[in-house]
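Okay, structure first, notes after.
Chain letters run A, B, ... following the sequence lines, proteins first, then strands; residues in each count from 1. Both backbone and side-chain heavy atoms feed into the values below; hydrogens, waters and symmetry mates do not.
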4 protein chains.
Amino acid sequence: MKRAIKRVLTIETRRNDLILGTLRSIEKYGYQNSTVQTICEESGVSRGLIGHYFESKDDLLMAAFQHLNAELDKEARLAVRAAGPDPFRRLIAAGLITFAQERRYSQVTLHFWSTALSNPKLLEHHRNLWARFRASTERLMTRAAAERNMEIDIRHSALMFTQLIDGLWLGWTLEKSYDLETCRMLVRDWICKLFNEDPANYPTTMPVREEGSPHVQG
Amino acid sequence: MKRAIKRVLTIETRRNDLILGTLRSIEKYGYQNSTVQTICEESGVSRGLIGHYFESKDDLLMAAFQHLNAELDKEARLAVRAAGPDPFRRLIAAGLITFAQERRYSQVTLHFWSTALSNPKLLEHHRNLWARFRASTERLMTRAAAERNMEIDIRHSALMFTQLIDGLWLGWTLEKSYDLETCRMLVRDWICKLFNEDPANYPTTMPVREEGSPHVQG
Amino acid sequence: MKRAIKRVLTIETRRNDLILGTLRSIEKYGYQNSTVQTICEESGVSRGLIGHYFESKDDLLMAAFQHLNAELDKEARLAVRAAGPDPFRRLIAAGLITFAQERRYSQVTLHFWSTALSNPKLLEHHRNLWARFRASTERLMTRAAAERNMEIDIRHSALMFTQLIDGLWLGWTLEKSYDLETCRMLVRDWICKLFNEDPANYPTTMPVREEGSPHVQG
Amino acid sequence: MKRAIKRVLTIETRRNDLILGTLRSIEKYGYQNSTVQTICEESGVSRGLIGHYFESKDDLLMAAFQHLNAELDKEARLAVRAAGPDPFRRLIAAGLITFAQERRYSQVTLHFWSTALSNPKLLEHHRNLWARFRASTERLMTRAAAERNMEIDIRHSALMFTQLIDGLWLGWTLEKSYDLETCRMLVRDWICKLFNEDPANYPTTMPVREEGSPHVQG
DNA sequence: GATGAATGAGTCTTCATTCAT
DNA sequence: CATGAATGAAGACTCATTCAT
């Protein structure tokens, strides 16, 4: 009994080691230059180990991508929840979380997007994720507008919102010519303007979470 | 003398053939799947020819990326010029040109960015280009604001402008869940709102250029 | 003392388990596809156990081959003995036993031969076995001929006998285009003709042995 | 035009080089120990060349096997044809050709048979070949029997014939405890006895062919 | 003694690069 | 100059063996 449990734990631990090693390797050497060699080095295991826990290198890469997305998604949900019940505050939280702090693995996402272009499975995964985020944004906007008796082009506003975030994130990742605080401010200001709210009432700093950070670790 | 010139021309032709073949290959097979084989096939030359005109496959890829950027840049400049002297109209033209039409090689740019992350030279190239575009935007915004006696946060507005464009382009490239007309509309509306202009006065269709298309050809 | 004996018994049991698992694995998955993994699965033991009882996988394979040969040899001896004292009947029994029944591990022998070609030890083993069988055949033929006052080219006849058996077995193993009864009949008829005996007097069915089957078990 | 022809020639030459190198490697090191490395060494080419002329190592092995079989088959047909129109003489020729001389690659066949056990494609190929040889034997036996007004169990006799040959060949390959002349003699004597012919009239030496040897070369 | 997780040598395969023609 | 055949380095994957528990 105990042995079986322990074994499962070991398997999960090792898989996680490899996944984090993969993300580190991609962040460090780039996607193209990440070989089984570099991944295993970053994971602190031998080259042959991948075969024990993943079908192939490709399988590991997929797992790493999904893990990263899942972590970011989870992080976003927590931030939104922490913002309380007000849909407008939740919107702001959703907009700021992407720029909450100097994230690890920021470059990895870009590598994965590039890869997704010629990987249908990855692309599908990405599209689902973004569609969900946009749908969630639309729901919050609908409620916030209703509370204010405003008429807003929900669909286009949600699109602006998500793509403004992506665009700011993309530029920041590639250029580092502006900082995260600027990103947060721009997003907050845009959403405040949309709902005729005073930005001064909505700080760009994220509420500190009490519990342990749900960030990707490694 | 003439022979030397002709030779230079031939060299340039061949280099261009290979560059366009590279872009076609990436668009067709993806970045990872583009081999010397596929590139030369697309270029209509034999496998060994790359060595005559480029230091290496990597050198060719860099050249192709820079070529693409140069073309897009040139295209943007022409569009802006075609918009006439009015800085506001020029701004709109600059914002719409990215979404002017279903572009060839849209995916290549994303690959290019991903590659740039681990290639200092490419990254530098990219940063210069974007800095220039932002600077140009700032100049136009300054003039447009002055004409209207408006006070505008130029730096942040320019940042919004460029990153909104990038974000919309990124989402369109990856998801195809919205169309180019939507992108054009969102960009136009945002810039019109910034300057208190009526979007109805500014169509999202690009003025037809009389001269030959400066688009990347191949 | 008893403990030591018991231990030796355990060792022999384990070795036998592994040997039979090896034969099963080869028969089931083929020689090339038999890995330490499949062998240990078939043996019902863990992967690391081979190292305790055999020097290496190769050592185990050799042991399995020799075990199989020893079993088949033993089986043949028993069949000959069961045929009674008459040398001619003994000859027939020796000829039929190979085709006595749909044997397990029929394919293993062919793999064994192929392997023996580049394994001097195995080859030596095989040659000794076949030499002994041929010598035994020669003795029986000599006696059977003497009883009948016949002059027979003993050496060549024995060679025909053994190689006819091998050839029929080989074809049956590879092709399954004829059945074991045909093999038994052809061997019996040939040997009967050699000694001018009426085949009708010598059934191709093997006498049932009373004792436990000496077959390779597993 | 000439270039295309030359290219085809080169391709065929290279493929043949690799096939012969494969056979040499198997003969020299055994089937299991033949790696891309040893094969290319024997072929006198670099390790990467296989990929240019064969889909994979496995594809090359299949080609080598089929080449060997085709050569042996061709050789047999020529020998039978050289024996003239008499079906009985043709039968003898067919029986002797296998033992005509110390063949190259004699061990390779055994390795291939062993491999065929777990390779359906190979097995199918082998079965077809043997079925054809047996059918051809049956036709010759039918004619030879008709000429002599004899009644013969054609099917069983053909089976005896082919399997006697295989058995003698197998023992000779594995044991070398008897020579090819003995094999030839035994086969000839058996077939002569079947048709009541005097072996003395049928030498075991093969008629010398005038043309160049069709043997597998390399 | 038994387990199975971990290792790393060995293999096949791909592909950018070279070079004789 | 252009070709494409040949090379060999580098990659991912397999699997017999080892060893801590």
Side-chain angles (χ1 to χ4, degrees), chain A residues 3-4 6-7 10-11 13-14 17-18 32-40 43-61, chain B residues 7 10-11 14 32-41 44-61, chain C residues 7 10-11 14 32-41 44-61, chain D residues 3-4 6-7 10-11 13-14 17-18 32-40 43-61:
Chain A
R3 174 161 297 184
K6 194 179 167 189
R7 194 171 153 240
T10 304
I11 289 179
T13 306
R14 274 283 178 254
D17 287 350
L18 282 164
Q32 319 261 4
N33 304 322
S34 283
T35 65
V36 166
Q37 169 89 346
T38 66
I39 288 172
C40 289
S43 309
V45 299
S46 69
R47 284 211 310 277
L49 205 73
I50 284 183
H52 291 310
Y53 296 101
F54 294 92
E55 299 255 330
S56 64
K57 184 196 176 190
D58 228 56
D59 185 34
L60 170 55
L61 286 168
Chain B
R7 193 169 153 246
T10 306
I11 289 181
R14 276 280 191 240
Q32 318 252 16
N33 304 323
S34 282
T35 67
V36 167
Q37 167 88 346
T38 65
I39 289 172
C40 288
E41 267 172 19
V45 300
S46 70
R47 281 239 295 281
L49 206 72
I50 282 184
H52 289 300
Y53 296 100
F54 294 93
E55 299 235 338
S56 63
K57 184 198 177 188
D58 231 55
D59 186 33
L60 170 55
L61 284 170
Chain C
R7 193 168 152 248
T10 305
I11 290 180
R14 276 279 190 244
Q32 319 251 16
N33 303 322
S34 282
T35 67
V36 167
Q37 167 89 344
T38 64
I39 288 172
C40 288
E41 267 172 18
V45 300
S46 70
R47 282 240 294 281
L49 205 73
I50 282 184
H52 290 299
Y53 298 100
F54 294 93
E55 299 234 338
S56 65
K57 184 197 179 189
D58 231 54
D59 186 32
L60 170 55
L61 284 169
Chain D
R3 175 162 297 186
K6 193 179 169 188
R7 193 170 153 241
T10 305
I11 289 179
T13 306
R14 274 283 178 253
D17 287 351
L18 281 164
Q32 319 261 4
N33 305 321
S34 281
T35 67
V36 166
Q37 169 89 347
T38 65
I39 288 172
C40 288
S43 309
V45 300
S46 69
R47 284 214 308 279
L49 204 74
I50 282 183
H52 291 310
Y53 297 100
F54 294 92
E55 298 254 330
S56 63
K57 185 196 175 190
D58 228 56
D59 185 35
L60 170 54
L61 286 170

Checklist entry - Please walk me through it: do D/N33 and D/T38 pass side-chain contact (heavy atoms from CB on, under 4.5 Å)? => result CA-CA 8 Å; D/N33 305 321; D/T38 65; over 6 Å; no

Item to check | side-chain contact (heavy atoms from CB on, under 4.5 Å) assessment of C/L49 paired with C/H52 | outcome: CA-CA 5 Å; C/L49 205 73; C/H52 290 299; 3.7 Å; yes

Next on the checklist: Quick one, D/I50 with D/C40, criterion side-chain contact (heavy atoms from CB on, under 4.5 Å). Give me CA distance, side-chain angles, the key distance, then yes/no.
Outcome noted: CA-CA 8 Å; D/I50 282 183; D/C40 288; 3.8 Å; yes

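Atom C1' of nucleotide F/dA16 and atom CG of C/D59 are separated by 13 Å, given to the nearest angstrom. In this structure, B/E55 places its CD atom 10 Å from P of E/dT17, rounding to the nearest Å. For D/I50 and E/dT14, the CD1 to P distance is 12 Å, given to the nearest whole Å. When rounded to the nearest whole Å, the span between CG of C/L60 and C1' of F/dC15 equals 15 Å. The CG atom of A/D58 sits 16 Å away from the P atom of F/dG11 (whole-angstrom rounding). The interatomic distance linking A/Q32 (CD) with F/dA10 (P) rounds to 17 Å, in whole Å. What separates CZ of B/F54 from P of E/dA16 is a distance of 15 Å, to the nearest Å. Per the geometry, CG belonging to A/L61 stands 15 Å off C1' belonging to F/dC13, to the nearest Å.
Taking for each of B/Q37 and C/Y53 the nucleotide of DNA chain E with the nearest heavy atom, the 5'-most of the two is the partner of C/Y53. Mapping B/S34 and C/G48 onto DNA chain E by nearest heavy atom places C/G48 at the nucleotide closer to the 5' end. Nearer the 5' end of DNA chain F, as judged by each residue's closest nucleotide, is the contact made by D/L49, out of A/T35 and D/L49. Nearest-nucleotide positions on DNA chain F place B/S46 closer to the 5' end than the other of B/S46 and D/R47.
For F/dT14, its base never sits under 3.5 Å from the side chain of A/H52 at any donor and acceptor pair.
Nucleotide F/dG8: paired with E/dC15 (Watson-Crick or G-U wobble, both distances less than 3.5 Å). Pairing for E/dT21 is with F/dA2, a Watson-Crick or G-U wobble pair whose two hydrogen-bonding atom distances lie under 3.5 Å.
Atoms OG1 and OH, on D/T10 and D/Y53 in that order, are 7.0 Å from each other to the nearest 0.5 Å.
In this structure, C/R47 and C/V36 approach most closely via the heavy-atom pair O-CG1, 3.8 Å.
Looking at heavy-atom distances under 4.0 Å, A/V36 makes contact with sugar-phosphate atoms alone, never a base. Across all strands, D/S56 comes closer than 4.0 Å only to sugar-phosphate atoms, never to a base (heavy-atom distances).
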